[in-house]
Amino acid sequence: MSEKETSDSQEQPAKPRSFDKLTIILVAVMLVVTLANTALIVMNPTAKKVEQFNEELKTDLADSVATLHKKIDGLRSAEIEWQTVLKKAKAKPDATYKVVNTQDGYLTLTEVAAQ
């Protein structure tokens with residue numbers, strides 16, 4: 001029986017060591033979680049400012065995109081207008097033309113009479 005007692009006494013110290021390791025690991029994890037939570041609490045006012053800044057950027061970006069689309073539409077209409085002007089010039093290639101600003105603000109070609 002002394003052999004059984006000896007083997008039992010050798011097994012018991014091993015269990016508290018694994019329990020100590022588990023405890024240390026849990027304490028380390030809780031420390032990391034606590035530090036992360038503290039950092040988030042400290043950064044909360046900063047996060048609010050960053051979120052507001054992001055909203056302002058979204059608004060500015062939307063305005064810029066809208067302005068860009070307006071300019072693109074203006075360029076498309078100008079292209080169509082110049083295509084008609086070029087067709088007019090192609091109909092009479094030997095004529096002399098003058099670029100004229102119309103009352104509505106558009107440029108157009110006007111044929112100049114030969115003298």
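If you're wondering where the values come from, they're calculated on a predicted model, not measured in any experiment.
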| said: I'd like to know whether CD of Glu56 has more than 12 heavy-atom contacts from other residues, nucleotides or ligands below 6.0 angstrom. | reply: yes
Distance from [X] atom [atom1] to [Y] atom [atom2], nearest 0.5 Å?
X     : Y     : atom1 : atom2 : result
Ile24 : Lys21 : CD1   : NZ    : 9.0 Å
Glu55 : Thr59 : CD    : OG1   : 6.5 Å
Asp73 : Lys70 : CG    : NZ    : 10.0 Å
Asp63 : Leu68 : CG    : CG    : 12.5 Å

| message | Please give the remaining members of the hydrophobic cluster of Leu35, linking ILVMFWY side chains under 4.5 Å, ordered by chain and number. | response | Leu31
Extract all donor-acceptor atom pairs below 3.5 Å that involve side chains of residues 79-91 and protein atoms in other chains or at least two apart in sequence.
residue	atom	partner	partner atom	Å
Glu81	OE2	Leu107	N	3.4
Thr84	OG1	Glu81	O	2.5
Lys88	NZ	Leu109	O	3.1

| task | Go through the structure and list residues passing side chain to side chain donor-acceptor pair (under 3.5 Å) with Asp104, not counting sequence neighbours. | result | Thr102
